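Presented below is the structure to which this report refers.
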There are 2 protein chains.
Amino acid sequence: MNFQKRKQNILDKLNITGEVDVKQLAMELAISEITIRRDLNQLANDGLLYRTHGGGMKVDPLAKPVDFINKSAQNAAVKDEICRKAAEHIHDGDIIFMDCGSTVFRLCPFIKNKKIKVITNSLPVIYELQNCAVSLNIIGGEFDSERQAVHGKIANEHIARYRAGKAFLGVDGVSQNGLFANSELEAEITSAYINQSAYTYLLCDAGKIGKETYLKFADINQVEAIITNAKDGQLSCFKDTALAILQVK
Amino acid sequence: MNFQKRKQNILDKLNITGEVDVKQLAMELAISEITIRRDLNQLANDGLLYRTHGGGMKVDPLAKPVDFINKSAQNAAVKDEICRKAAEHIHDGDIIFMDCGSTVFRLCPFIKNKKIKVITNSLPVIYELQNCAVSLNIIGGEFDSERQAVHGKIANEHIARYRAGKAFLGVDGVSQNGLFANSELEAEITSAYINQSAYTYLLCDAGKIGKETYLKFADINQVEAIITNAKDGQLSCFKDTALAILQVK
DNA sequence: TCAATTTTGATTATTTTTGAACGAATTAAC
DNA sequence: GTTAATTCGTTCAAAAATAATCAAAATTGA
């Protein structure tokens with residue numbers, strides 16, 4: 001019984017019962033618990049299940065109106081952990097910026113019932129938050145249908161009209177040398193958010209840490225905190241910075 | 001029984017009964033009260049329930065705003081005729097304003113394949129046009145979930161940044177004495193569109209003609225044309241104006 | 001075959017979860 | 001108001017699950 005076969009077996013059980021248990025799997029597949037744990041971790045890392053203490057559960061079959069949601073489902077479990085942590089820093093009365101990344105999008109379910117004001121250029125975020133306790137402010141300007149968001153000069157000027165207590169942003173890469181983006185338009189929007197917020201949180205899965213890609217648009221000391229699933233070793237590059245590091249599972 | 005499983009269980013009960021009780025949950029799930037309390041606190045922290053003394057309550061499922069599409073379906077046939085006529089006046093290369101009324105919304109299907117630029121404050125219009133030939137520009141500002149549109153000071157200023165060849169607008173009433181609206185916010189947006197467009201079309205079913213309601217916000221000579229299903233007799237009030245009258249079936 | 005790599009298992013230390021106790025805070029009753 | 005009864009959160013300890021480390025077994029590729 002190799003990994004591929006076990007993986008299939010585990011996913012089958014998951015589809016039938018909705019959950020699996022380490023002890024039970026170890027017994028049924030006649031293999032050690034540590035191996036089962038390694039399997040579950042790998043599956044969770046691939047976004048195929050939610051890892052729980054003692055087992056795993058099926059990934060939420062989220063309603064998926066747009067193709068955007070699928071992209072967002074990559075690494076769903078990790079992103080949800082990051083967003084759950086981020087939501088702990090959002091309280092009634094807050095005014096926050098949210099950018100148009102797929103990680104930040106998953107913050108929506110965790111803030112739906114908070115009495116806050118959200119300023120965003122992301123259409124999926126608007127769609128997700130439009131019928132809930134959140135008060136919405138839409139950044140105006142030219143709509144980019146590929147990114148499902150508003151970008152450009154007018155949008156940047158619009159952001160400059162507002163100030164928020166907190167900003168929750170995604171980037172394509174981050175290291176001790178700064179913040180990196182794959183697109184000039186996104187970089188400008190993110191910069192604008194950083195400039196207009198008192199405290200900026202970066203939401204980054206481990207894959208983004210240490211990655212320096214395409215365009216550097218801000219120094220690391222322009223943001224205050226990073227929320228990530230990366231481990232200590234990977235984060236050592238930030239040891240000479242003032243960055244607050246919030247680690248999740 | 002791990003936390004995730006309990007969490008789901010608690011939320012299920014909450015959905016059925018609307019409230020949960022620490023003691024009862026502890027008994028039913030065969031677990032200590034302190035653990036239930038910790039669970040409830042975490043769920044409350046995630047915004048999934050309201051914590052009360054002794055238990056928790058469902059977060060109020062906010063009254064859903066008007067189902068925009070249904071409202072738009074009232075008088076659908078008439079509105080479609082008006083919009084078909086309006087679309088005849090829109091050509092490739094045009095830059096047009098569209099406001100947030102239910103009549104104007106029905107213009108969308110008739111312009112999906114035109115290579116034009118649409119500037120709008122209406123979220124339904126944005127959804128409808130987001131994946132087609134039309135290039136979209138979103139008016140920014142505070143989002144009003146009841147009207148499914150952006151309104152307010154910033155929105156008005158944003159509109160003032162642009163100029164368009166044509167504007168397609170709805171009103172709550174129109175007569176030889178001017179244009180009328182049921183809301184100050186909508187009136188201001190409509191005024192802004194009128195000011196920034198070279199040629200303004202009013203889309204009005206017969207019920208709006210001659211109706212003078214609540215707030216007059218513009219003179220009749222500020223707009224250039226009206227597209228309506230009203231008959232000659234009802235339109236006689238405009239005989240002393242320069243208004244172009246485009247009648248449909 | 002044999003060495004290199006990968007996978008698996010055992011052991012140990014660490015982390016997470018849970019429960020009990022008790023003082024503090026909140027609600028209900030008077 | 002004042003008292004009594006719950007309910008709550010903190011602290012500590014026990015139990016369970018996990019991650020880290022290292023060694024054994026299996027697989028792979030020459």
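Since we're looking at a predicted model, the values are computed, not measured. Below, chains carry the letters A, B, ... as their sequence lines are ordered, and counting in each starts from 1.
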What residues form a salt bridge (charged side-chain N to carboxylate O under 4.0 Å, His left out) with A:Lys13, not counting sequence neighbours?
A:Glu28
Within residues 209-249 of chain A or reaching into it, pairs that qualify as ring pair (Phe, Tyr, Trp, His ring centres under 6.0 Å) - sequence neighbours excluded
none
So ring pair (Phe, Tyr, Trp, His ring centres under 6.0 Å) across residues 120-154 of chain B, not counting sequence neighbours, yields A:Tyr127-B:Tyr127
Using the test side chain to side chain contact (heavy atoms under 4.5 Å, CB included), find all partners of B:Ser183 that sit at least two apart in sequence or belong to another chain.
B:Arg147, B:Leu185, B:Glu186
Does [X] make a side-chain N or O approach to OP1 or OP2 of [N] shorter than 4.0 Å?
X	N	value
B:Arg6	C:dT18	yes
A:Lys23	D:dA16	no
B:Asn2	C:dT17	no

What does the list of N/O pairs under 3.5 Å between the protein and nucleotides 9-14 of chain C look like, with a distance for each?
unit_1: C:dG9; atom_1: OP2; unit_2: A:Ser32; atom_2: N; d: 3.2
unit_1: C:dG9; atom_1: OP2; unit_2: A:Ser32; atom_2: OG; d: 2.7
unit_1: C:dG9; atom_1: OP2; unit_2: A:Thr35; atom_2: OG1; d: 2.5
unit_1: C:dG9; atom_1: N7; unit_2: A:Arg38; atom_2: NH2; d: 2.7

Considering every strand and a 4.0 Å limit on heavy-atom distances, what is the contact class for B:Asp39: base, sugar-phosphate, or nothing?
nothing
Between A:Asp21 and B:Gly54, who's closer to the 5' end of DNA chain D by nearest nucleotide?
B:Gly54
With each end axis built from five pairs of C1' atoms, what bend angle do you get for the helix from C:dT1-D:dA30 to C:dC30-D:dG1? Round to 10°.
50°
Could you list the residues that satisfy side-chain hydrogen bond (donor to acceptor under 3.5 Å, both in side chains) with [X], not counting sequence neighbours?
X	result
B:Ser191	none
A:Asn221	none
B:Asn137	B:Tyr162
B:Asn45	none

To the nearest Å, give me how far apart [atom1] ([X]) and [atom2] ([N]) are.
X	N	atom1	atom2	value
A:Gln247	C:dT16	CD	P	11 Å
A:Asn41	D:dA20	CG	C1'	13 Å
A:Glu81	C:dT16	CD	C1'	13 Å
A:Arg37	C:dT15	CZ	C1'	12 Å
A:Leu40	C:dT8	CG	P	13 Å

CA sep, side-chain torsions, deciding dist, call: A:Gln176, A:Asp240, side chain to side chain donor-acceptor pair (under 3.5 Å):
CA-CA 8 Å; A:Gln176 71 275 20; A:Asp240 293 332; over 6 Å; no
Check nucleotides 23-30 of chain C against the protein and report each pair of N or O atoms closer than 3.5 Å, with its distance, or say if there are none.
unit_1: C:dT26; atom_1: O3'; unit_2: B:His53; atom_2: NE2; d: 3.0

So that I know where these two stand, are A:Tyr201 and A:His89 an aromatic pair - ring centroids less than 6.0 Å apart?
yes
Sequence neighbours excluded, every pair satisfying salt bridge (charged side-chain N to carboxylate O under 4.0 Å, His left out) that has a member inside residues 167-181 of chain A
none
